[in-house]
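Computed from a predicted model, the values in this text were never measured in an experiment. Only heavy atoms go into these numbers, but all of them, side chains included; no hydrogens, no water, no symmetry mates.
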Amino acid sequence: MRAASSPACLSPLLLCLCVLQRSFGTPSPPSPTFIHNQTKLPDGDKDSHHRPKRGWIWNQFFVLEEHFGPDAQYVGKLHSNSDKGDGSVQYLLSGEGAGNIFTINELTGDIHAKKSLDREKKSHYVLHARAVDRFTNRAVEPESEFIIKVQDVNDNAPKFPDGPFSASVPEMADIGTSVFQITATDADDPTYGNSAKIVYSILQGQPFFTIDPKTGVIRTALPNMDRETREMYSVIIQAKDMAGSVGGLSGSTTVNISLTDVNDNPPRFPQKNYQLYVPESSQVGKAVGKIKANDEDLGVNAEMTYRITNEEGAAMFSISTDSDKREGIISLRKPLDYEKKKAYSLNIEGVNTHLDPRFSYLGPFKDTTTLKLIIGDVDEAPVFTMDYYIMDVYENAPAGTVVGMVTAQDPDSTRSKVRYSIDQNAEGDALFSIDVDSGLVTTTKSLDREEVAWHNITVMASEIDNPNLVSYVPVTVQVLDVNDNAPYIATDSALVVCEGSKAGQVIQTIRTTDKDNFANGRFTFALPEDLPVNPNFTLKDNEVILPASTRPECLPG
């Protein structure tokens with residue numbers, strides 16, 4: 001009987017858990033699962049003194065997080081069947097949080113949490129339990145490890161750590177087109193209860209968008225959403241835990257959704273008729289104006305080309321698109337003349353270059369307009385009736401002889417009177433003069449063809465109303481020949497006659513020169529009448545012109 005009272009025959013230690021629940025509906029912890037931790041003996045073996053097998057028996061320990069109150073939160077109880085209530089068994093606790101968080105009543109084995117715990121910081125604590133004889137300090141039960149879990153309560157609202165968000169979707173997108181998927185996080189325990197079960201909803205942004213309550217996928221909810229009408233939408237999304245039930249915590253964020261452009265708008269000229277002033281002095285190949293059709297689309301969807309569709313307009317003008325492919329630049333192909341044509345009409349077409357077949361039903365994606373170009377009269381210099389003049393005058397004519405006349409007119413409608421003059425820097429300025437009003441050219445002195453046969457002068461014409469507008473024309477004057485020069489005979493110092501020359505044989509050809517031209521250069525030859533006649537020689541006027549060096553040679557006798 002004494003053996004039955006020894007410490008070696010103590011009954012197994014029982015660890016009991018009493019869990020407190022909060023009044024606001026926190027789910028109860030799972031039912032306790034009792035675990036027997038003991039040393040097994042071979043089958044059929046029993047303790048020689050028939051003592052019960054020693055070992056720990058406990059259930060799972062839980063403690064509610066975020067417990068606030070005047071008293072420490074009761075966690076559970078350690079108890080040994082060997083404890084007769086006489087205070088001989090002492091319960092000891094060690095491990096994580098022992099002493100500062102968890103305390104144990106050494107006599108009763110009651111465990112309390114004296115601090116409020118946060119599951120999101122630490123979800124469980126590993127502790128060790130011992131039972132010893134208070135008087136002998138001998139172990140009643142061996143040390144064993146157990147865990148106290150921190151039970152979750154819904155104390156964390158869903159969050160959107162990366163918000164606010166930006167997203168985009170093409171305008172005119174079909175209903176149900178996916179725009180963006182949003183995800184909220186909840187620090188509560190997702191494996192226990194509904195504290196971290198999130199449901200999504202739209203607080204602002206209806207009826208344009210919807211959101212899947214489970215996945216957080218945002219989709220379009222209306223057809224034909226037009227960027228040109230409204231481009232930006234601020235959609236406020238709410239995430240609520242507890243599966244969206246009453247009392248759940250919630251968080252919200254903003255998703256800024258923009259509609260991206262598609263080519264759903266054709267170009268439009270603001271007016272159907274335009275006017276443009278173009279001076280007649282505009283240079284060929286240079287731009288004379290611009291025109292633009294408006295397109296509410298953006299980027300490549302607003303790019304366009306222009307063309308002139310009427311034949312007359314296309315013959316005189318060309319149109320090209322600027323570097324931004326928005327404006328049409330009108331350039332001149334041929335010179336303008338106000339006096340010939342005072343206006344042109346251009347039929348201009350603007351066409352989108354990047355068409356989207358999905359929106360062809362909104363077309364045609366082009367527009368037309370009419371541009372009237374008013375040609376401006378520019379005060380132009382006088383214009384001579386000829387590009388150049390050739391005149392003539394006889395040599396030796398007296399000063400003041402008329403050589404010819406030049407004529408120039410003001411091409412402008414004002415028909416300003418023209419004044420003439422001779423360019424003083426040109427040749428022949430001292431030999432000719434011109435009447436300032438009539439353009440009549442006369443000589444200032446007698447001319448000698450044999451000195452200068454041709455004279456070049458430059459005549460200027462300027463408007464009286466605008467003397468700075470000057471035109472120039474070349475004038476060539478030919479001096480005509482008169483027979484004012486006697487023939488000249490070059491004579492040799494001696495005339496040689498060969499012995500034995502026969503009668504009628506040519507012994508010498510006589511040549512003469514004349515400074516006058518060929519019309520006045522026909523000659524007749526005769527012996528001077530004042531000299532005696534020599535019967536041995538005769539002179540024959542021969543119209544055949546022989547070279548000047550022709551002379552007969554003496555034949556051998």
Check for a donor-acceptor pair, side chain of D367 on one end and backbone N or O of P266 on the other, with a separation under 3.5 Å.
no

Has T401 got a side-chain atom pairing as donor or acceptor with T443's backbone, closer than 3.5 angstrom?
no

For V441 and I457 the tightest heavy-atom approach is CG1-CD1, 4.3 Å

Quick check against the 3.5 Å criterion: does T444 have a side-chain atom that pairs as donor or acceptor with the backbone of A430?
yes

Distance (rounded to the nearest 0.5 Å) between S471 OG and E463 CD
8.5 Å

Give the ring-plane orientation class for F432 versus H455, where under 30° counts as parallel, over 60° as perpendicular and anything between as tilted.
perpendicular

What pair of heavy atoms forms the shortest contact from D261 to E228, and how long is it?
OD1-OE2, 3.0 Å

Can you tell if the side chain of N352 reaches within under 4.5 Å of the side chain of M304, non-hydrogen atoms only?
yes

Report the distance from atom CG of N256 to atom OG of S168, rounding to the nearest 0.5 Å.
12.0 Å

Does K272, at its NZ atom, have more than 12 non-hydrogen atoms belonging to other residues, nucleotides or ligands within less than 6.0 Å?
yes

Does NZ or CZ of R230 come closer than 6.0 Å to the centre of the six-membered ring of F208, within 45° of the ring's axis?
yes

Please verify the inter-ring angle class for F165 with F160; under 30° counts as parallel, over 60° as perpendicular, anything in between as tilted.
perpendicular

Nearest-0.5 Å distance, OG1 of residue T458 to CD of residue Q424
11.0 Å

Report the C-alpha separation of I218 and I237 in whole Å, then their side-chain angles, then the decisive distance to 0.1 Å, and conclude whether the side chain to side chain contact (heavy atoms under 4.5 Å, CB included) test is met.
CA-CA 9 Å; I218 302 172; I237 304 297; 4.1 Å; yes

Tell me, yes or no, whether the heavy-atom count around K342 atom NZ, taken from other residues, nucleotides or ligands under 6.0 Å, exceeds 12.
yes

Please check: side-chain N/O of Q151 versus main-chain N/O of F62, any donor-acceptor pairing under 3.5 Å?
no

Take N156 and D241 through the side chain to side chain contact (heavy atoms under 4.5 Å, CB included) test and state the conclusion after the steps.
CA-CA 9 Å; N156 289 278; D241 61 15; over 6 Å; no

Where is the tightest heavy-atom contact between T215 and Q181, given as atom of each residue plus distance?
O-NE2, 3.0 Å

Quick one: are D118 and D155 in side-chain contact, heavy atoms under 4.5 Å?
yes

Taking atom OG1 of T305 and atom NZ of K366, what is their separation to the nearest 0.5 Å?
10.5 Å

Show, in sequence, the C-alpha distance, side-chain angles and deciding distance for N347 and I308, and conclude whether the side chain to side chain contact (heavy atoms under 4.5 Å, CB included) test is met.
CA-CA 6 Å; N347 296 333; I308 300 172; 5.8 Å; no

Side chain T254, main chain I236, donor-acceptor under 3.5 Å
no

Kindly say whether T407 contributes a backbone atom to a donor-acceptor pair with the side chain of Y389 at under 3.5 angstrom?
yes

Are the charged groups of R307 and E349 less than 4.0 angstrom apart, N to O?
yes

If you compare all heavy atoms of L431 against all heavy atoms of K445, which two are closest, and at what distance to 0.1 Å?
CD2-CD, 3.3 Å

Within the structure provided, determine whether V406 and I434 are in side-chain contact (heavy-atom separation under 4.5 Å).
yes

Any side-chain heavy-atom pair from L373 and M316 closer than 4.5 angstrom?
no

Hey, does I330 have a side-chain heavy atom less than 4.5 Å from the side chain of I348?
yes

For A196, does its backbone N or O pair with a side-chain atom of D186 as donor and acceptor, under 3.5 Å?
no

Rounded to the nearest 0.5 Å, how far does NZ of K292 lie from OH of Y306?
7.5 Å

Would you say that M405 contacts D435 through its side chain, given a criterion of any heavy-atom pair below 4.5 Å between the two side chains?
no

More than 12 foreign heavy atoms under 6.0 Å from CD of Q204: is that the case here?
yes

Report the relative orientation of the aromatic rings in Y344 and F317; use parallel for angles under 30°, tilted for 30 to 60°, perpendicular for over 60°.
perpendicular

Are there over 12 heavy-atom neighbours, none belonging to K122, within less than 6.0 Å of that residue's NZ?
yes

Examine distances only and state if a side-chain atom of D322 and a backbone atom of R326 form a donor-acceptor pair shorter than 3.5 Å.
yes

Counting only heavy atoms not in K341 (residues, nucleotides, ligands), do more than 12 fall under 6.0 Å from its NZ?
yes

Side chain to side chain, M386 and V473, heavy atoms closer than 4.5 Å:
no

Using modelled atom types and a 3.5 Å cut-off, is there a donor and acceptor pairing between side-chain atoms of T220 and backbone atoms of T177?
yes

Show the numbers, then the answer: is there a side chain to side chain contact (heavy atoms under 4.5 Å, CB included) between K372 and Q275?
CA-CA 5 Å; K372 186 176 182 180; Q275 282 192 355; 4.1 Å; yes

Please confirm whether the backbone N or O of V262 pairs with a side-chain atom of E171, one donor and one acceptor, at under 3.5 Å?
yes

Is it the case that D188 and S195 place a side-chain donor and acceptor less than 3.5 Å from each other?
no

Hey, does I182 have a side-chain heavy atom less than 4.5 Å from the side chain of I211?
yes

Closest approach of I198 and P158, non-hydrogen atoms and distance?
CD1-CB, 4.0 Å

May I ask you to check whether D297 and N265 show a side-chain donor-acceptor distance below 3.5 Å?
yes

Does OH belonging to Y277 count more than 12 external heavy atoms closer than 6.0 Å?
yes

If you count the non-hydrogen atoms of other residues, nucleotides and ligands that lie under 6.0 Å from CD in E311, is the total more than 12?
no

V383 to P411 - nearest heavy-atom pair and separation
CG2-CG, 3.9 Å

